[in-house]
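Computed from heavy atoms alone, side chains included, the values below leave out hydrogens, waters and symmetry copies. It should be emphasised that the depicted structure is a prediction, and the values quoted were computed from it without experimental measurement.
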Amino acid sequence: MAATEQARSKAAAEAETAMKLRDAALKEQVDARASVQELRDTLAELTAKAQAAKPEIVKHRLVYIQFRGDLKRSLINDLRASLETGGYSLPGAERLAGEYDNLVKYFRAEGQPSADALLEATTTFFAARGCPISLRAVPGKSSSVTAPLELWLAHSCKS
């Protein structure tokens, strides 16, 4: 009996420790997401300021990529390289779980032509790899004065 009670007490203590660790990890995850968003906003703001001050230095349009599905990171990196030659700056790509469609988001009316060009370049990239994609450009909401473009890919391409 004593051994059973001791084992039960030990299991309860381990479960409590595990729950505390889980809660701490979840809080860190929320904090990390907030930090990433803050860094993105800062990067967009600094890019816009640099472009306004010295347009000859910053010639690229800032784009963030979020993706899910069977897309390999190597394919996304190839897409980034391809888009960079077309005048875009892509600081990285995030694999994000969730429900979203293939979209190009722009956050200011004057961003729609750039969004349409990004849509066309992305569509051409995937078509050239035998993995056609259907994208649409949509306006998004942002509190940032200098919002970048966002490319959301929910695609399954085995290439």
In plain terms, say whether Asp78 and Arg129 are close enough for a salt bridge, that is, a side-chain N and a carboxylate O under 4.0 Å apart. no
Could you check whether any side-chain N or O of Arg136 sits under 3.5 Å from a backbone N or O of Asp101, counting only pairs where one atom can act as donor and the other as acceptor? no
Can you confirm whether Gln66 sits close enough to Leu153 that some side-chain heavy atom of one is under 4.5 Å from a side-chain heavy atom of the other? no
How would you list, by chain and number, every residue that makes a side-chain contact (heavy atoms from CB on, under 4.5 Å) with Asn77, sequence neighbours excluded? Arg73, Arg80
Do the non-hydrogen side-chain atoms of Pro91 and Tyr64 ever get within less than 4.5 Å of each other? yes
Which ILVMFWY residues are connected to Leu96, directly or by a chain of links, through side-chain heavy atoms under 4.5 Å apart? Tyr100, Leu103, Val138, Trp152
Could you note down all residue pairs passing ring pair (Phe, Tyr, Trp, His ring centres under 6.0 Å) where residues 11-33 supplies at least one of them, sequence neighbours left out? none
Value rounded to 0.5 Å, distance of CG in Leu79 from CG in Leu71: 9.0 Å
Report the distance from atom CD1 of Ile133 to atom OG1 of Thr122, rounding to the nearest 0.5 Å. 7.5 Å
For Asn102 versus Ala154, what's the shortest heavy-atom pair and its separation? OD1-N, 2.7 Å
Identify all side-chain donor-acceptor contacts of residues 14-25 below 3.5 Å with residues at least two apart in sequence or on another chain.
unit_1	atom_1	unit_2	atom_2	d
Glu16	OE2	Lys20	NZ	3.3
Thr17	OG1	Ala13	O	3.0

Answer yes or no: is there a side-chain heavy-atom contact under 4.5 Å between Leu90 and Ile65? yes
Value rounded to 0.5 Å, distance of SG in Cys131 from CG in Leu75: 7.0 Å
Give, for atom CD of Glu94 and atom CZ of Arg68, the distance between the pair rounded to the nearest 0.5 Å. 14.5 Å
Phe126: what forms a ring pair (Phe, Tyr, Trp, His ring centres under 6.0 Å) with it, not counting sequence neighbours? His155
Please output the side-chain donor-acceptor pairs of residues 110-119 that fall under 3.5 Å, not counting sequence neighbours, one pair per line with the distance.
unit_1	atom_1	unit_2	atom_2	d
Gln112	OE1	Tyr106	OH	3.4
Ser114	OG	Arg61	NH1	3.3

For the residue pair Tyr88 and Val63, what are the closest heavy atoms and their distance? CD2-CG2, 3.5 Å
